[in-house]
Amino acid sequence: TSRVGKVIKCKAAVLWETSKPFSIEEVEVAPPKAHEVRIKMVAAGICRSDDHAVNGTMYVPFPVILGHEAAGIVESIGEGVTTVKPGDKVIPLFTPQCGKCRVCKHPEGNFCLKSKLSQNQGSLQDGTTRFTCRGKPVNHFLGISTFSQYTVVDEMSVAKIDAASPLEKVCLIGCGFTTGYGSAVNKIQVTRGSTCAVFGLGGVGLSVIIGCKAAGASRIIAVDINKDKFAKAKEAGATECINPQDYKKPIQEVIAEMTDGGVDFSFEVIGRLDTMMAALLCCHEACGTSVVVGVPPYSQNLSMNPILLLLGRTWKGGVFGGYKSKDSVPKLVADFMAKKFSLDTLITNVLPFEKINEGFDLLRAGKSQMLLVLFF
Ligand code: COD
Ligand code: ZN
Ligand code: ZN
């Protein structure tokens, strides 16, 4: 029997309050309104930002269904939807691409003004929610809420992908992989034969390394205070791995000595102010570029001497690898299908959806470099 146009009852991981475990609940998912899409989730990754929403580092209204890195299949569409149809494989987009705002019309900008990242009000674009649980409305997260067997998203927040793609892998293209990889190959273009330094070897940092390698960098220096992360970094393409705690000198000086005055490209993929400054300083003062990928602590500032830029350095940042989401996600999936990169090194744990709390425990213990929750 068709569920089209009807409320669906299914399981979702509801977070009722800050810093509590998720509770697997039966929720009601309303049908999609005009320009909306209801998706059956197949696989969802756990990203660090989900944990930031749990522990309050990132503001979200409660109760909420988190999750923003996933892949699924369109169950039904609302009136006026033209870019996806029922049965299509899709990736939900935590940064939408409305196609109409100033940023979407800019040739390079990608942080669409319709994004919910800057104004986490917990609704879809029309200001209302599609989830209820125990009679109460439940908030959306970044417009996509993927920790639910079914979710509703705006059409601008979903991309159709290759029908043959393995959803349990390409779900990582929804956030972590793309954020890192795109920082190296799209936000800036790492050049063939160049020298790179990557600070932070979580899943996003590893994805930066994969991007640097794909771009033909000849040296990729991986930096982390946890040496257990080095094996995966080498697997991803790092040529050298260093631990700042092994040196008396500041790590930027160590790297400058290793690289004749500094690297061509550096990436901060941790989200700390001190490492953002170290990454800036370790790129060459006249011809280096440094990219901020990690999300800094809420409302903290860096103070810096502008001379650091005056001599010629470039300092950049970007979300989602600088990619315009709806245009680029299908292309990234096509590149994956054409074997331009592999996602296997990034997937360290696979769990059934019901074990989501175990997944977050692994993430918090730093045991996983990237993690996957499977739905069934
Ligand atoms: N020096 C060197 N390494 C360090 C230091 C330090 N002082 N402190 C921590 N580290 C290492 C840790 O040992 C760890 O290996 C690594 O840094 C950080 O890894 P994770 O696993 O915490 O982080 P990731 O790879 O999951 O990345 C998350 C980011 C930190 C990059 C996070 O800010 C993020 O998800 N950014 C994406 C930006 C974005 O677009 N966000 C919006 C939606 S997610
Ligand atoms: Zn994320
Ligand atoms: Zn837009």
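Start at 1 and go down the list; that is how both ligands and their atoms are numbered.
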### Query
Under 3.5 Å, is there a donor-acceptor pair between the Glu155 and Thr83 side chains?
yes

### Query
With atoms numbered from 1 as shown, which atoms in ligand 1 lie under 4.0 angstrom from a non-hydrogen atom of Val269?
30 (C), 31 (C)

### Task
Give a yes or no on whether a salt bridge exists between Arg130 and Glu28, defined as a side-chain N under 4.0 angstrom from a carboxylate O.
no

#### Entry: Gly294, Gly182, Ala279: member with heavy atom nearest to atom 31 (C) of ligand 1
Gly294

## Note on the structure
For Arg48, the atoms of ligand 1 under 4.0 Å from one of its heavy atoms are 20 (P), 21 (O), 22 (O), 26 (O), 28 (C)

### Task
Please identify which atoms of ligand 1 are closer than 4.0 Å to at least one heavy atom of Gly200.
16 (C), 17 (O)

### Task
Number the atoms of ligand 1 from 1 as they appear, then name those within less than 4.0 Å of a heavy atom of Lys229, with their elements.
15 (O)

### Task
Could you grab the protein N, O or S atoms closer than 2.8 Å to the Zn ion (ligand 3) for me?
Cys98 SG, Cys101 SG, Cys104 SG, Cys112 SG

#### Entry: Distance filter under 4.0 Å to Cys175 heavy atoms, resulting ligand 1 atoms
43 (C), 44 (S)

### Task
Name the closest protein heavy atom to atom 7 (N) of ligand 1, giving the residue it belongs to and the distance to 0.1 Å.
Arg272 NE, 3.5 Å

### N or O contact, Val319 vs ligand 1, cut-off under 3.5 Å
no

### Message
Under a 3.5 Å cutoff, is there a donor and acceptor pairing between the side chains of Ser115 and Thr95?
### Response
no

### Message
Restricting to side chain to side chain donor-acceptor pair (under 3.5 Å), what partner residues turn up for Gln245, sequence neighbours left out?
### Response
none

### Task
Assess Phe94 for proximity to ligand 1: is some non-hydrogen atom of it under 4.0 Å away?
yes

#### Entry: Note: Arg134-Glu26 ion pair, threshold 4.0 Å (strictly below)
no

### Query
With a cut-off of 4.0 Å, which atoms of ligand 1 are near a heavy atom of Ser49?
35 (O), 41 (N), 43 (C), 44 (S)

### Message
For His68, state whether at least one heavy atom is located under 4.0 Å from any atom of ligand 1.
### Response
yes

### Query
Does the pair Asp224/Lys229 count as a salt bridge with the N-to-O cut at 4.0 Å?
no

### Salt bridge Lys187-Glu108, side-chain N to carboxylate O under 4.0 Å
no

### Message
Can you tell whether the side chains of Asp162 and Lys89 come within less than 4.0 Å, N to carboxylate O?
### Response
no

### Query
Of the options Val14, Asp50, Val54, which is the one that meets Phe22 in a side-chain contact (heavy atoms from CB on, under 4.5 Å)?
Val54

### Summary
Val293 heavy atoms within 4.0 Å reach ligand 1 at atoms 36 (N), 37 (C), 38 (C)

### Message
Please tell me whether Thr275 and Glu268 have a donor and an acceptor in their side chains that are separated by less than 3.5 angstrom.
### Response
yes

### Message
Assess whether a salt bridge exists between Lys40 and Glu75, defined as any Lys/Arg side-chain N lying under 4.0 Å from an Asp/Glu carboxylate O.
### Response
no

### Query
Nearest protein heavy-atom contact for atom 39 (C) of ligand 1: which residue, which atom, what distance?
Val295 CG2, 4.1 Å

#### Entry: Ile225 and ligand 1 - part of the residue with a heavy-atom distance under 4.0 Å
both

### Task
Between Ile270, Thr179, Leu346, flag the one that comes closest to atom 30 (C) of ligand 1 by a heavy atom.
Ile270

### Query
Taking the six-membered ring for Trp, are Phe320 and Phe94 parallel (under 30°), tilted (30 to 60°) or perpendicular (over 60°)?
perpendicular

## Note on the structure
So the atoms of ligand 1 within less than 4.0 Å of a heavy atom of Asn226 turn out to be 13 (O)

### Heavy-atom side-chain contact between Leu332 and Tyr181 under 4.5 Å
yes

### Query
When you check the side-chain N and O atoms of Ser23 and Glu25, is any donor under 3.5 Å from an acceptor?
yes

### Query
Is a salt bridge present between Asp154 and Lys114, judged by a nitrogen-to-oxygen distance below 4.0 Å?
no

### Query
Where the closest heavy atom to atom 6 (C) of ligand 1 is concerned, which of Asp274, Ile242, Thr275, Val204 has it?
Thr275

### Task
Could you tell me whether Asp224 and ligand 1 have an N or O pair separated by under 3.5 Å?
yes

### Query
So what does the His68 NE2 - the Zn ion (ligand 2) - Cys47 SG angle come to, to 10°?
110°

